[in-house]
Structure formats: structure tokens, C-alpha cells
Enquirer: 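There's a structure below that I have some questions on.
Here, residue 1 is the first one in the sequence, and each next residue gets the next number. Remember, it's 1-based here, ligands and their atoms both numbered in the order they're listed.
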Amino acid sequence: MLIRKRRVGEGDILSSEITPYELYLDRRRFIAQGAAVGAVVLPSTLAGRVPGALYTQQVEEPTPYEDITTYNNFYEFGSQKGDPARYSGDFKPLPWSVVVDGECDNPGTLALEDLLQGHEVVERTYRLRCVEAWSMVIPWRGVRLRDVLLRAQPNSDARFVEMTTVLRPSEMPGQRHPMLPWPYVEGLRMDEAFNDLTLLATGIYGKDLLNQNGAPLRLVVPWKYGFKSVKSIVRIRFTREMPLNTWQEMAPHEYGFYANVNPDVDHPRWSQARERRIGEFRRRMTLAFNGYAEQVAHMYRGMDLTRWY
Ligand SMILES: Nc1nc2c(c(=O)[nH]1)N[C@H]1C(S)=C(S)[C@@H](COP(=O)(O)O)O[C@H]1N2
Ligand SMILES: [Mo]
């Protein structure tokens with residue numbers, strides 16, 4: 001008799017995904033040193049059937065550096081995945097400075113070194129889930145956005161933070177065409193910006209960011225679709241009003257401000273229930289808040305996430 005196996009991704013956890021105990025201990029040591037912390041990742045059908053310790057950490061293999069640096073979305077260098085690696089060679093990420101302004105008591109223009117100076121450097125491996133339904137696992141290096149924002153002393157009118165990519169058409173061939181309204185803008189609500197997961201990244205795999213990944217400084221908000229993670233930031237502005245982010249401006253029915261990863265709210269033109277991890281063939285289930293619900297879901301309690309997509 002043929003026993004029908006259930007398909008992977010339909011509520012099953014692959015045995016290869018269950019952390020071997022020794023690896024788990026290694027991982028714990030790694031985490032104790034301030035490294036990667038992924039949230040609990042468990043299909044809801046398994047919840048309650050697996051002993052807690054088994055799924056408190058699920059090791060995920062970081063995506064190869066080669067893939068992270070050649071499969072990119074950075075429309076300033078072109079709209080094809082290979083364009084940013086191919087056409088970002090003329091971009092000069094150094095020297096770099098960032099304007100910090102808006103609703104704060106200590107605004108200024110800071111050289112990159114001064115912006116980062118004195119803040120704890122953290123290394124964290126996060127899943128990145130693109131709204132196009134592919135994902136990667138990226139070992140970031142950076143600082144907490146919160147630390148940088150605190151130094152600017154936001155005032156009580158600061159409810160949002162807007163971040164803007166550099167406008168430099170001479171070095172960014174994509175900006176010579178009105179593909180998007182340049183410069184690229186993104187934003188976070190203040191509590192999102194202050195969440196411990198939120199980073200300003202300066203490196204990947206311990207190396208400085210390459211141009212295609214947003215050198216020298218880019219945002220990382222792992223529970224949101226990748227487009228929130230604005231690259232090559234030159235301005236951080238505190239605002240009273242919700243910023244109009246570039247993709248919302250482009251297509252407000254398809255992209256909102258919050259852009260939390262949500263397998264239950266489909267994009268108007270495709271499902272968000274699953275994703276293809278770069279390097280894998282079978283698709284995985286997409287997790288609520290990209291698997292970081294434990295750290296971030298509380299910020300959205302009481303909000304209708306079908307309205308605030
Ligand atoms: N300035 C700018 N930032 C951007 C983008 C962009 O086109 N321009 N693309 C976004 C999208 S859609 C994704 S998925 C991530 C991709 O980051 P990565 O190429 O480092 O994986 O960058 C985001 N940040
Ligand atoms: Mo994306």
C-alpha cells in the first residue's frame with residue numbers, strides 16, 4: 001500500500017530543520033555573545049505538540065554571500081535582480097554623511113563615523129522577506145536604530161521617522177529614469193523604530209556592505225517586507241505625520257505604510273502565504289511578522305491589519 005506523505009510546507013517541520021542538540025547549544029553560546037536571535041518559528045499545527053525546548057531556536061542556514069550580493073532589489077541601479085551588482089561600481093559610499101533633523105532637540109549633519117560612534121555593534125542573522133514572495137537569511141552587522149535616534153533627542157511631536165536614500169543620478173543609473181519617484185523614502189512609527197530588532201546595518205557576513213546591498217548604511221526591519229529596509233540613507237527625519245513611503249506613493253492599493261509580513265493578507269496580484277527561500281526549490285510557509293511575532297506583535301494589538309497593510 002502506498003502511504004501518502006504530506007507535502008513539505010503544509011504544516012510539517014522538516015527533520016533537517018529541527019535543531020540538533022549540539023548545534024542548539026552552540027547556537028545558545030552564539031546568542032549569549034549578542035548574535036542572531038530568530039523568533040520561534042513553528043507552523044501553528046505543530047504548536048502544542050512539540051516540546052518547548054525543541055523550537056525555542058530553529059537554526060536556519062544563512063543564504064550564501066554570493067546570493068545575498070547578486071540577487072538584489074535596488075532600483076537606483078536598475079530593476080533586474082542582477083542590475084545592482086552589475087551597475088553599482090561607480091557608486092562612492094565614502095565619505096558619507098547623514099542629516100538628522102525634524103522634530104528633535106539635537107539635529108545635525110553627521111559624518112558616518114560620528115553617527116555610529118559609541119554605539120554597540122551588533123551582529124544578527126535575520127530572515128528578509130521580499131513582498132515578491134522570496135526570502136533570504138542574512139547575517140547583518142550594524143547598530144540599533146534606537147541608539148542613533150536617542151542621541152538626536154526626539155521631542156514629543158516626533159511620532160514617525162522618515163529615512164531617505166541618496167539622490168545621485170550620476171552614480172546611480174536607475175535614477176536617470178523616472179522608474180520610481182526619487183529619492184526613495186521609507187518610514188517607521190516611533191515604537192517600530194525603537195524596537196530592539198530594528199537595525200541600521202553597515203555590514204553583512206562581517207564585511208562592510210557592498211554597494212548593491214545599500215552601502216554604507218541601510219535600514220533592517222526583519223518583520224516587515226523588504227521594501228521597508230531603505231538603502232544608502234542620507235537623511236533621518238522625525239515627523240509628526242506618517243511619511244509617504246515610495247512604494248505606497250507608487251501603488252497605494254498594493255503597498256501600505258506598515259508592510260508587516262502577513263501570510264493572511266495577500267497582495268492584490270499574488271498570494272503572500274508562501275515564499276521561496278533563495279537557493280531552495282520547494283516553497284516555505286510565510287510566517288506572521290516573518291517569524292518575529294513574539295518581539296513585535298504587541299505593537300499592533302487592536303489594529304486591523306487588513307486595513308493597515
Ligand atoms: N533605496 C532603495 N532601497 C531599497 C530598495 C530600492 O529599490 N531602493 N529595494 C527594497 C526591497 S524591495 C528589498 S526586498 C530590499 C532588498 O535588500 P537586499 O538587496 O540587500 O537583499 O531592499 C529594499 N531597499
Ligand atoms: Mo522587496
Enquirer: Does ligand 1 come near enough to Tyr75 that some N or O of the ligand is less than 3.5 Å from an N or O of the residue?
Expert: yes
Enquirer: Quick one: which of Phe227, Tyr309, Phe160 gives a ring-ring contact (aromatic ring centres under 6.0 Å, His included) with Phe257?
Expert: Phe160
Enquirer: Quick test: of every protein heavy atom, which one is nearest to atom 5 (C) of ligand 1, and how far off is it to 0.1 Å?
Expert: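 Ranked first by proximity to atom 5 (C) of ligand 1 is Asn73 O, 3.5 Å.
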Enquirer: Main chain of Thr70, side chain of Lys81: is a donor-acceptor contact present, judged purely on distance under 3.5 Å?
Expert: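 No.
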Enquirer: To check your reading of the model: name the closest protein heavy atom to atom 8 (N) of ligand 1, its residue, and the distance in Å.
Expert: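 Going by distance alone, atom 8 (N) of ligand 1 is nearest to Glu76 OE1, 2.8 Å.
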Enquirer: Rounded to the nearest 0.5 Å, what separation is found between the OG1 atom of Thr164 and the CZ atom of Arg237?
Expert: 7.5 Å
Enquirer: Students should be able to answer this: which protein heavy-atom is nearest to atom 15 (C) of ligand 1, and at what distance?
Expert: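 Among all protein heavy atoms, the one nearest atom 15 (C) of ligand 1 is Gly226 O, 3.6 Å.
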Enquirer: Check for me whether Lys231 meets the cation-pi criterion with Phe77, that is, NZ or CZ under 6.0 Å from the six-membered ring centre and within 45 degrees of the ring axis.
Expert: no
Enquirer: Starting from atom 6 (C) of ligand 1, what is the nearest protein heavy atom, named by residue and atom, and what distance separates them?
Expert: Tyr184 CE1, 3.5 Å
Enquirer: Look at atom 18 (P) of ligand 1 and say which protein heavy atom is nearest, naming residue and atom and giving the distance to 0.1 Å.
Expert: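 Protein heavy atom at minimum distance: Lys231 NZ, 3.4 Å.
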Enquirer: How close do Leu149 and Ala193 get, heavy atom to heavy atom, and via which atoms?
Expert: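 In terms of heavy atoms, the two residues are closest at CD1-CB, 3.7 Å.
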Enquirer: Set out, in order, the CA-CA distance, both residues' side-chain angles and the distance that settles side chain to side chain contact (heavy atoms under 4.5 Å, CB included) for Arg189 and Met299, then state yes or no.
Expert: CA-CA 10 Å; Arg189 208 172 59 189; Met299 292 190 286; 3.8 Å; yes
Enquirer: Quick one: which ligand 1 atoms are inside 4.0 Å of a heavy atom on Cys130?
Expert: 14 (S)
Enquirer: May I ask you to check whether Asn72 has an N/O atom sitting below 3.5 Å from an N/O atom of ligand 1?
Expert: yes
Enquirer: For the residue pair Trp247 and Tyr225, is the inter-centroid distance of their aromatic rings smaller than 6.0 Å?
Expert: no
Enquirer: Short N/O distance, under 3.5 Å, between Ser229 and ligand 1?
Expert: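 Between Ser229 and ligand 1, an N or O pair is found under 3.5 Å apart.
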Enquirer: Any chance CD of Glu254 has more than 12 other-residue heavy atoms, nucleotides or ligands included, within less than 6.0 Å?
Expert: yes
Enquirer: When you look for heavy atoms under 4.0 Å from ligand 1, do you find them on the side chain of Met136, its backbone, both, or neither?
Expert: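 No part of Met136 comes within reach of ligand 1.
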Enquirer: Indicate the atoms forming the closest heavy-atom contact of Leu305 with Phe289, along with that distance.
Expert: CD1-CZ, 3.9 Å
Enquirer: Give yes if a backbone or side-chain nitrogen or oxygen of Thr165 is under 3.5 Å from a nitrogen or oxygen of ligand 1, and no if not.
Expert: yes
Enquirer: Using distance alone, decide if ligand 1 has a nitrogen or oxygen within less than 3.5 Å of any nitrogen or oxygen in Trp134.
Expert: no
Enquirer: Looking only at heavy atoms of Arg218, does any of them come nearer than 4.0 Å to an atom of ligand 1?
Expert: yes
